[in-house]
Asker: 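Following this message is one structure expressed as structure tokens.
Note that the structure is predicted; figures quoted are calculated from it, not measured.
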Amino acid sequence: MKRTIPIAKPSITSTEIEYVKDAVTNGWGENCYDYLHKFKDQVKSYFNSSYALPTSSCHGALHLILMALGIGPGDEVIVPDSTWVGSVFPISWTGAKPIFVDVRKDTWCIDPQKIEQKISTKTKAVIVVHLYGNLCEMDELMDIGERYGLPIIEDAAEALGSEYKGRKTGSIADFGVFSFHGTKTITTGEGGLLITNRKDMEEKLYTIDNQGRKAGAKYFWVDEIGLKYKMSNLQAALGTAQFQRAKELVQAKRKIFNWYLEAFKDANLNDIQTNYEQEYAKNSYWMPTIVFGNTWSMGLEKRDQLITAMNKFGINLRPFFYPVSGFPMYTKEKDNIVSSQICCSGVNLPSFYDMTKQDVQYVVRHMADYLIELN
């Protein structure tokens, strides 16, 4: 019997509904920031961060950081080639140039050994991305930042709940950003978050986020050009309830991923690479992902055929991200071989919270049957 297996959807309980209803009913006038204050306190505690700024998107959080760092035309910002464009476009918005670096074969995250080859006198920051819940090698990256005097920005949009040597992703570097899109581990519908422990940047970030108005300024007086990427109180109400369940939601993602590992083994689906977890890390497995080995001869056409075939069974697969340097607005980095290879042979698998073990087996069985017949 055909099922409907979406790639992702949030887990919403009566608590989320209750909080949002309260915000809609009572969160106006002098109460208009009540849930935003609660949300800020929660995330600061969760990430052990001194400063938290809820935003309307992860894009916006990145833009705020780059603007606060004074990055603009003539500057360069290093970024991985394998990521979603949301990690890159804010660089272009400032007028700076993104410098694309290849990723590691195991983690699919930016390769620290290749970063130094791209550092120049124009380099002003490095953005690293914890892809699909996988973890960057943060010790090496922070060492690079310290040696070259470069701020490191963690894009942990896809890795909330992942941990590197006991520290939560997003809380390790100079700055961390997150996404609360409806597909993410925790959702506010849309939305994002910026965190930092850099006291020297807090006032600057506040002023830019407040449309250029400094704390304590007289009413409607503006000191500099700013931005407005504020999260609403309604979104924060949803996020407050979600963060109360953070541990539960991360555990659910890890359980689903382990079901996939069992199903791959049962289906004799071999020569595949899945999300990687270092022995000193904890992967939140936001999006279970397969990269097919050479024996499958997987290319873009074959990958897209697999996705189309699974859709007929109600199974929603997603393609691995394209290398961002290959899009028309940038110049293709031909040396970024790993980014190009995994794009052609990778797919994301469903992992919504209500997914059962039987759902996982259904996905893997149909995928394995199709691939074995095709090959």
Asker: Ignoring hydrogens and angles, tell me if any N or O in the side chain of Glu140 forms a donor-acceptor pair with the backbone of Glu137 under 3.5 Å.
Answerer: no
Asker: Less than 4.5 Å apart, any side-chain heavy atom of Ile91 and any of Leu66?
Answerer: yes
Asker: Holding to side chain to side chain contact (heavy atoms under 4.5 Å, CB included), I want the full list of residues that pass it with Glu203, two or more places apart in sequence or in another chain.
Answerer: Thr207
Asker: Could you pull out all residues at least two apart from Tyr132 that satisfy ring-ring contact (aromatic ring centres under 6.0 Å, His included)?
Answerer: Phe320, Phe321
Asker: Using the side chain to side chain contact (heavy atoms under 4.5 Å, CB included) criterion, which residues pair with Ala246? Sequence neighbours excluded.
Answerer: Tyr46, Ile186, Phe243
Asker: May I ask you to decide if the ring planes of Phe178 and Phe180 are parallel, tilted or perpendicular, using 30° and 60° as cut-offs?
Answerer: parallel
Asker: Starting from the C-alpha separation in whole Å, work towards a yes-or-no answer on ring-ring contact (aromatic ring centres under 6.0 Å, His included) for Tyr370 and His366.
Answerer: CA-CA 6 Å; Tyr370 173 81; His366 282 289; over 10 Å; no
Asker: How would you list, by chain and number, every residue that makes a side-chain hydrogen bond (donor to acceptor under 3.5 Å, both in side chains) with Asp81, sequence neighbours excluded?
Answerer: Ser325, Asn336
Asker: For residues 24-32, dump all side-chain donor-acceptor pairs below 3.5 Å to protein atoms at least two apart in sequence or in another chain.
Answerer:
from: Thr25; atom 1: OG1; to: Lys21; atom 2: O; distance (Å): 2.7
from: Asn26; atom 1: ND2; to: Asp22; atom 2: OD1; distance (Å): 2.7
from: Trp28; atom 1: NE1; to: Val24; atom 2: O; distance (Å): 2.6
from: Asn31; atom 1: ND2; to: Asn26; atom 2: O; distance (Å): 3.3

Asker: Looking at Lys97 and Asp75, is any side-chain nitrogen of the basic one under 4.0 Å from a carboxylate oxygen of the acidic one?
Answerer: no
Asker: Under the salt bridge (charged side-chain N to carboxylate O under 4.0 Å, His left out) criterion, do Lys230 and Asp209 qualify, and how do the steps go?
Answerer: CA-CA 7 Å; Lys230 293 187 183 298; Asp209 178 61; 3.2 Å; yes
Asker: In chain order, what residues pass the side-chain hydrogen bond (donor to acceptor under 3.5 Å, both in side chains) check against Arg167, with sequence neighbours excluded?
Answerer: none
Asker: Once ring-ring contact (aromatic ring centres under 6.0 Å, His included) is applied, do any residues pair with Tyr51, and if so which ones, sequence neighbours excluded?
Answerer: none
Asker: Who pairs with Arg245 by side chain to side chain contact (heavy atoms under 4.5 Å, CB included), at least two apart in sequence or on another chain?
Answerer: Ser11, Thr13, Glu16, Gln242, Glu248, Leu249
Asker: Mind jotting down which residue pairs meet the ring-ring contact (aromatic ring centres under 6.0 Å, His included) criterion with at least one end in residues 324-353? Sequence neighbours excluded, please.
Answerer: Phe100-Tyr330
Asker: Tell me, do Glu224 and Lys204 make a side-chain contact under 4.5 Å, heavy atoms counted?
Answerer: yes
Asker: Ring centres of Tyr229 and His63 under 6.0 Å apart?
Answerer: yes
Asker: For Thr169, what residues pass the side-chain hydrogen bond (donor to acceptor under 3.5 Å, both in side chains) criterion, not counting sequence neighbours?
Answerer: none
Asker: Can you list the residues that meet the side chain to side chain contact (heavy atoms under 4.5 Å, CB included) rule with Lys40, with sequence neighbours excluded?
Answerer: Pro54
Asker: Run the ring-ring contact (aromatic ring centres under 6.0 Å, His included) test against Tyr164 and tell me which residues pass, sequence neighbours left out.
Answerer: Tyr280
